[in-house]
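The structure appears below as structure tokens.
In this text, all values refer to a predicted model and were calculated from it rather than measured experimentally. We number each residue from 1, following the sequence as shown.
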Amino acid sequence: MKRKLPEAPGLRPGPGRGRGPLHPVMNLITINLTMAMLLVFAAPASGARLEWLLEPVYDQAAQFSEGLAAVKVKEMWGYIDPRGKWIVPPLFSEAKSFRGGFAAVAVKNGETEKWGFLTPQGKFLAAPLYEAAGSFSEGLAAVRSQDKWGYIDTKGQPAIPASFDMAGEFYQGRAAAASSGTHGFIDARGAWILPPRYGEAWPFVEGRAAVREWGMDGKIGFVGSEGEWIVAPRFDATFRGRVFSGGLAGVMLHGLWGFIDHNGGWAVEPLYDGAWSFSEGLAAVRKGQKWGYIATSGRLEIEAVFDDAMSFSEGIAGVKFLDRWGCIDRLGAWVADPVYTELQPFSEGLAPARSGARWGYLGRGLTPLFAVTFEGARSFSEGLAAVSYRGRKYYIDAKGQPAFPASFENASDFSEQLAAVASGDRWGYIDPAGKWVVPPHFEAAGPFREGLAPVRLKNRWGYIDKKGIWAVRNQFHYAWPFSEGLAAVRQGDRVGYANAKGGIVIKPRFGVPRPEAEIGSFSEGLAAVLIGGKTGFVDRRGKEIVKPVFLPWQTAAPRFRKGSALVHTNRGPRYIDRGGKLLETPLPSLPHAADFYFTGPGGGELVLFQSAFGGWGYAGAGGKIVVPPVFDAALPFREGSAAVARKGRWWYIKPPRENP
């Protein structure tokens with residue numbers, strides 16, 4: 001009879017979790033809705049529903065940036081990671097987001113407030129001495145002293161003297177600045193590239209900058225890097241200029257908004273009463289009092305039925321409906337019902353949202369796959385997964401039910417239809433029905449690969465076949481599974497490789513990875529090895545193919561797939577070819593990640609990563625965070641699920657779909 005596991009305490013659902021496309025907000029909608037509105041609400045959700053990943057407990061909250069978010073409690077600001085863990089305690093009167101590795105914060109002393117810059121560890125890069133401060137961009141940050149603006153560098157030292165009336169952020173090597181009431185552009189040394197002659201100026205993006213002619217009636221146009229007019233100044237002076245995004249810029253002419261291309265030609269005619277910049281191929285536009293979304297062709301993609309709207313970010317946009325904010329995907333379907341008082345755009349997989357008086361963070365739904373949680377869990381393998389409950393190890397099936405009644409002191413993944421399990425202090429192997437195939441006789445045991453499994457007896461490792469018979473007698477200090485006919489073995493403090501008969505093919509001369517790290521196994525004829533503390537690759541004869549110039553791996557060992565491998569460099573993770581040459585293959589943009597589990601460039605699978613602050617999350621192959629690092633521990637997705645843990649409890653989740 002199958003053992004029934006206890007039900008897990010329910011996770012608090014976010015608004016709309018687990019319901020269809022029509023939600024309680026429909027009770028507020030009158031029968032006189034237009035057909036367009038009904039179409040929006042009837043659209044089926046195409047991606048994951050959103051829910052609270054961090055409960056609304058903060059007085060104020062900012063977007064996540066570089067792995068941290070500024071939040072306010074009891075009048076003071078600090079920084080949390082996606083698990084809600086305080087990384088920098090709330091000690092500041094004001095706080096900005098991290099940019100370029102540092103964050104501007106303010107310290108109040110009586111009525112005086114001074115700004116400085118923090119590291120992610122909470123230490124001051126620059127002491128709070130400034131009247132105001134911007135954010136770092138291209139290695140420089142604007143600061144104000146004695147009512148004049150200058151810049152400091154990433155060492156906290158003055159880089160450009162404080163001599164400007166206004167100083168913007170650097171983009172493409174130049175920053176907008178003002179002197180004596182006129183605006184121009186300076187370089188990283190503080191020298192004027194374009195002298196101050198404009199009424200206003202905005203950043204250079206895509207080789208062009210919006211500027212306003214001097215004078216009360218000055219028009220807005222766009223200049224090039226030499227100050228030449230690329231787009232003549234003929235547009236209305238609005239509350240702010242716009243930058244180019246995806247080759248288009250929003251401009252106002254005679255009170256109506258449209259979009260121009262790089263040369264000033266109309267890409268979208270000026271037909272709208274309001275418009276935001278294009279983002280992810282869509283732009284929010286307003287006709288009358290209602291907002292919708294258009295494509296770069298000008299075609300209306302999402303009907304104008306919203307009271308307010310934000311730009312798309314990470315496949316999701318905040319929209320206001322009936323005086324409340326919710327979220328839609330790129331098809332216009334609700335992924336979070338309009339029930340929030342305030343909302344900010346998604347960043348790094350999370351969006352600040354206010355419910356009542358408190359702020360929290362929304363993210364893609366992480367509904368447990370089963371109605372149980374566990375003390376420990378392993379990945380599914382061959383349809384079964386080992387889990388811990390009340391100090392014992394059980395196996396569950398794909399429905400979360402016990403696969404068989406037997407339990408064990410310890411258990412590992414199934415491989416080649418056998419799993420190593422412990423009975424008392426001895427290990428043996430069982431089949432998927434829970435029956436002993438190899439009785440518990442060994443001190444330790446590893447998985448079967450290529451018909452053999454490493455086992456330890458009398459403090460030495462060897463290999464057995466599936467009948468439990470020695471194929472290679474116990475003689476090694478440690479042994480790992482086979483791969484492409486060879487297995488890593490340790491003799492003393494050196495690693496080499498042996499064949500299926502126990503013969504040493506590659507003499508032990510390589511370093512031993514850290515305890516929590518994998519061993520380098522052969523893949524496409526090459527294996528990662530440690531030589532002098534650096535990562536290189538050898539072939540099946542032990543010949544050095546890729547020189548040991550890369551950083552040592554921390555957890556998952558690099559391996560070649562489809563001709564490339566991911567390695568760690570001083571500049572972050574990079575792909576290399578079989579000769580060790582760095583490739584230009586796009587990598588996930590996760591600057592705050594400490595480690596990765598990748599499948600290969602261009603793969604469609606989710607990538608497990610660990611943040612520099614300890615949390616685990618998942619990103620798409622292009623680097624967009626799909627599940628922020630909210631877990632204390634996590635395993636890669638296998639066979640359609642992943643084991644994740646928070647606060648000592650493990651459960652399984654399905655891969656959340658990225659919104660289109």
Side-chain angles (χ1 to χ4, degrees), residues 1-8 368-457 461-472 474 479-483 487 500 518 521 633-645 649-655:
M1 182 177 67
K2 291 187 177 181
R3 180 187 294 268
K4 183 178 180 181
L5 296 172
E7 290 188 0
L369 189 57
F370 313 125
V372 290
T373 63
F374 308 99
E375 296 160 8
R378 298 180 64 90
S379 298
F380 272 88
S381 179
E382 299 182 2
L384 300 176
V387 297
S388 300
Y389 173 64
R390 292 185 178 177
R392 301 286 294 177
K393 301 295 191 296
Y394 298 84
Y395 285 91
I396 59 171
D397 60 22
K399 295 181 180 179
Q401 297 299 313
F404 42 79
S407 66
F408 309 94
E409 274 74 24
N410 212 337
S412 61
D413 299 341
F414 271 88
S415 176
E416 299 183 6
Q417 294 297 294
L418 294 175
V421 297
S423 177
D425 63 351
R426 294 288 163 164
W427 288 75
Y429 292 84
I430 59 169
D431 65 15
K435 296 180 179 179
W436 289 104
V437 175
V438 178
H441 177 61
F442 304 102
E443 298 163 359
F448 273 93
R449 297 281 192 275
E450 300 179 7
L452 300 178
V455 294
R456 189 182 76 200
L457 190 63
W461 287 79
Y463 293 88
I464 60 169
D465 64 18
K466 292 184 177 181
K467 295 181 180 180
I469 300 172
W470 288 108
V472 177
N474 48 325
W480 288 270
F482 274 87
S483 177
E518 296 177 349
S521 58
L635 298 175
F637 276 93
R638 283 173 56 181
E639 300 187 9
S641 68
V644 296
R649 300 300 299 180
W650 285 79
W651 69 95
Y652 291 87
I653 61 172
K654 289 182 178 180

For residues [X] and [Y], report the shortest heavy-atom separation together with the two atoms involved.
X	Y	value
Tyr429	Gly446	OH-O, 2.6 Å
Glu382	Glu416	OE2-N, 2.7 Å
Tyr652	Ala643	CE2-CB, 3.7 Å
Ala642	Pro636	CB-O, 4.0 Å

Would you indicate whether the side-chain heavy atoms of [Y] and [X] approach each other to under 4.5 Å?
X	Y	answer
His441	Leu457	yes
Lys393	Ser388	yes
Val438	Trp427	no
Asp465	Leu452	yes
Asp413	Arg638	yes
Trp461	Asn474	no

Relative to each other, are the rings of Tyr395 and Phe404 parallel, tilted or perpendicular (30° and 60° limits)?
-> tilted

Going by the angle between their ring planes, with limits at 30° and 60°, are Tyr394 and Tyr389 parallel, tilted or perpendicular?
-> tilted

Given Trp650, which of Val644, Val387, Leu635 fulfils the side chain to side chain contact (heavy atoms under 4.5 Å, CB included) condition?
-> Leu635

Identified side chain to side chain contact (heavy atoms under 4.5 Å, CB included) partner of Arg449 from the options Ser521, Pro481, Pro454 | Pro481

Under 3.5 Å, is there a donor-acceptor pair between the side chain of [X] and the main chain of [Y]?
X	Y	result
Tyr463	Trp480	yes
Thr373	Trp651	no
Gln417	Pro432	no

With rounding to the nearest 0.5 Å, note down the distance linking [atom1] in [X] to [atom2] in [Y].
X	Y	atom1	atom2	result
Lys399	Phe370	NZ	CZ	11.0 Å
Asp431	Phe414	CG	CZ	7.0 Å
Ile396	Gln401	CD1	CD	9.0 Å
Ile464	Phe448	CD1	CZ	4.5 Å

NZ/Lys466: more than 12 non-hydrogen atoms of other groups inside 6.0 Å = yes

Pair Glu409 + Arg392, salt bridge at N-O below 4.0 Å = yes

Assess whether side-chain contact (heavy atoms from CB on, under 4.5 Å) is satisfied between Leu384 and Asp397, documenting all intermediate values.
-> CA-CA 5 Å; Leu384 300 176; Asp397 60 22; 4.1 Å; yes

